[in-house]
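The structure under discussion appears below in the form of structure tokens.
None of the values given here were measured: they were computed from a predicted structure.
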Amino acid sequence: MGLSWHENVSTPALVIDYNKLVKNIETMANFAKENKVYLRPHVKTHKCPKIGQMQLEAGANGICVATIGEAEVFADNGFDDILIANEVVEINKMRRLIEINNKNLVRVCVDSQKNVKDLSELANKSNIKIEVLLDIDVGLGRTGVKSGEPALELANIIKKTPNLELVGLMGYEGHLTYLTDFENKKNQTELCMKMLVDMSDLLNKNGFEINYITAAGSGTYMIAGKYPGITEIQPGTYPFFDEHMSKCVPDFEIALTILATINNQTGKRNFTLDMGSKACSTADGKPIFKDYRKSKMTLLTEEHGQFKAGKDDSFEIGQKVELIPGHVCPTVNLYDFFNVIKDDKLIDKWEISARGKNY
Ligand SMILES: Cc1ncc(COP(=O)(O)O)c(C=O)c1O
């Protein structure tokens, strides 16, 4: 019935296909090398220092994180070049940013005068300098200052602010990730990249020396990473990929699944798994079966996942099945460790050290 490694894994559990993970990491690293663009993977996807290390060994020049908690975990694990691809505004989090900056290079994004002033005051008190990137809103509308005059004004304020140094620009075109028409995605992504490059030209005409522009995710890296003037890409999802992403980007294989057990049969074709919403995020739709594409999940409650078997699929109680989550990042955040499978054997368990570090 199941593969032998199934016996050694308590479910629900996260499972990594090691060979596919390595291949995905290499595919992105090779793209970066071929296109002479720096690669700074966003580790919010896996939150796992072991995988971050593999990305560095494949050629990445540093990492991105989304939260100060993630920055702390990775700094404690020896990562020394970290970009918080986000704003750090809350007072305790700013204090923690100063603390890790005493030992490690941790850059942060800014998009408001208030945050610039607060960061500068704290850095001044500790007598350290913080390197910041100006976050430019390229259309996502989530964070970032508008390009042109508003960004120039904020850059000039940073220049006059003690203890902060403006070292680059960041933009994230996350609103384009899931576009399926490639020409349309290309046109729109290039407009976003032009906005960033034009912005750095404007700054440099006004006395700045900006030669660092970081952008893009796994859905747009292949366009942004080729755009002249973009110096770095910061994709996150590519080591694992997921159902939603693979519909839009064919370059990567799905390397992460959830192993679950069929606990109950409630009708001729109705079954229930031991994997509910506490074990699989439904943020981007319900998970799908890796090997039974006609069987469909119907409802996920906390500890239970109900499904209807496809016409030709047969299941039995106690059977283990693999599912592909709709969105991998919030799913990973629910688990303590990955089970690593290579050539049908369980070879290791890797801690998801930064899980839950959303603060
Ligand atoms: C600022 C920023 N950069 C990069 C990424 C990576 O994007 P993806 O997971 O689509 O590769 C994200 C993802 O949320 C992000 O917020």
Side-chain angles (χ1 to χ4, degrees), residues 14-67 69-85 100 103-107 131 168 170 212 214-219 221-222 224-226 230-242 245 249 251-257 328-329 332-333 335-355 357:
L14 285 184
V15 173
I16 288 179
D17 182 323
Y18 180 82
N19 292 335
K20 287 184 181 164
L21 173 74
V22 169
K23 193 162 168 242
N24 288 345
I25 289 174
E26 279 170 2
T27 300
M28 187 63 85
N30 289 341
F31 170 87
K33 276 176 213 149
E34 278 158 25
N35 291 282
K36 297 191 173 48
V37 66
Y38 287 113
L39 169 62
R40 180 180 292 279
H42 204 316
V43 301
K44 51 109 208 184
T45 298
H46 53 71
K47 292 174 173 266
C48 170
K50 169 78 191 163
I51 300 178
Q53 194 56 43
M54 290 167 71
Q55 291 172 307
L56 289 186
E57 281 161 17
N61 57 296
I63 57 165
C64 278
V65 298
T67 68
E70 289 172 352
E72 286 169 339
V73 168
F74 279 82
D76 283 349
N77 279 276
F79 289 73
D80 192 33
D81 181 351
I82 300 174
L83 167 63
I84 303 180
I100 29 179
K103 293 173 269 162
N104 299 63
L105 173 62
V106 183
R107 296 179 170 132
E131 296 187 7
M170 186 192 84
Y212 172 30
T214 182
S218 307
Y221 78 94
M222 71 302 276
K226 289 184 176 180
I230 300 300
T231 58
E232 184 180 89
I233 48 171
Q234 43 173 261
T237 307
Y238 73 94
F240 295 153
F241 246 51
D242 58 31
M245 273 275 193
V249 180
D251 314 358
F252 301 93
E253 294 190 49
I254 292 175
L256 182 128
T257 52
V328 74
C329 310
V332 166
N333 193 44
Y335 287 84
D336 292 328
F337 61 91
F338 298 110
N339 296 276
V340 186
I341 308 298
K342 187 177 179 206
D343 304 328
D344 284 337
K345 287 195 183 64
L346 176 65
I347 58 159
D348 214 346
K349 292 184 183 192
W350 295 342
E351 198 184 330
I352 305 171
S353 317
R355 72 158 291 202
K357 301 289 183 202

Is any side-chain heavy atom of Ile341 closer than 4.5 Å to one of Asp17?
no
So do the side chains of Glu232 and Asn61 get within less than 4.5 Å of each other, counting heavy atoms only?
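Touching, per the 4.5 Å side-chain cut-off.
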Rounded to the nearest 0.5 Å, what separation is found between the [atom1] atom of [X] and the [atom2] atom of [Y]?
X	Y	atom1	atom2	answer
Cys329	Lys47	SG	NZ	9.5 Å
Gln234	Thr214	CD	OG1	3.5 Å
His42	Ile63	NE2	CD1	9.5 Å

How close do [X] and [Y] get, counting heavy atoms only, and between which atoms?
X	Y	value
Ala255	Asn24	CB-ND2, 4.0 Å
Ala354	Glu70	CB-CG, 4.1 Å
Asn35	Gly225	CB-O, 4.0 Å
Met28	Pro235	CE-CG, 3.5 Å
Gln53	Phe79	N-CZ, 3.5 Å

Can you tell me if Tyr18 and Asp348 form a side-chain donor-acceptor pair at under 3.5 Å?
no
Test your reading of the model: is there a side-chain donor-acceptor pair from [X] to the backbone of [Y], 3.5 Å cut-off?
X	Y	value
Thr237	Ser218	no
Asn333	Arg355	no
Asp81	Leu105	no

Check step by step if side-chain contact (heavy atoms from CB on, under 4.5 Å) holds for Phe240 and Leu21.
CA-CA 6 Å; Phe240 295 153; Leu21 173 74; 3.8 Å; yes
If the threshold is 4.0 Å, N to carboxylate O, is there a salt bridge linking Lys23 and Glu253?
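Judged by the 4.0 Å cut-off on N to carboxylate O distance, Lys23 and Glu253 do form a salt bridge.
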Could you walk me through whether His46 and Gln55 satisfy the side-chain contact (heavy atoms from CB on, under 4.5 Å) test, starting with their C-alpha distance in whole Å, then the side-chain angles of each, then the deciding distance to 0.1 Å, before giving a yes or no?
CA-CA 11 Å; His46 53 71; Gln55 291 172 307; 2.9 Å; yes
Please state whether the rings of Phe252 and Tyr238 are parallel, tilted or perpendicular, taking 30° and 60° as the class boundaries.
tilted
Is it the case that over 12 heavy atoms from other parts of the model lie below 6.0 angstrom from the OH atom of Tyr38?
no
side-chain contact (heavy atoms from CB on, under 4.5 Å) evaluation trace for Ile16 with Ile51
CA-CA 11 Å; Ile16 288 179; Ile51 300 178; 3.9 Å; yes
Given the rule in the side-chain contact (heavy atoms from CB on, under 4.5 Å) test, do Leu256 and Leu14 qualify, once you have shown the distances and angles that lead to the verdict?
CA-CA 7 Å; Leu256 182 128; Leu14 285 184; 3.9 Å; yes
Please lay out, stage by stage, how Glu131 and Arg107 fare under the test salt bridge (Lys or Arg N to Asp or Glu O under 4.0 Å).
CA-CA 5 Å; Glu131 296 187 7; Arg107 296 179 170 132; 2.7 Å; yes
Taking side-chain contact (heavy atoms from CB on, under 4.5 Å) as the criterion, tell me which of Asp80, Val106, Ile82 meets it with Phe74.
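Per the side-chain contact (heavy atoms from CB on, under 4.5 Å) rule, the option paired with Phe74 is Ile82, out of Asp80, Val106, Ile82.
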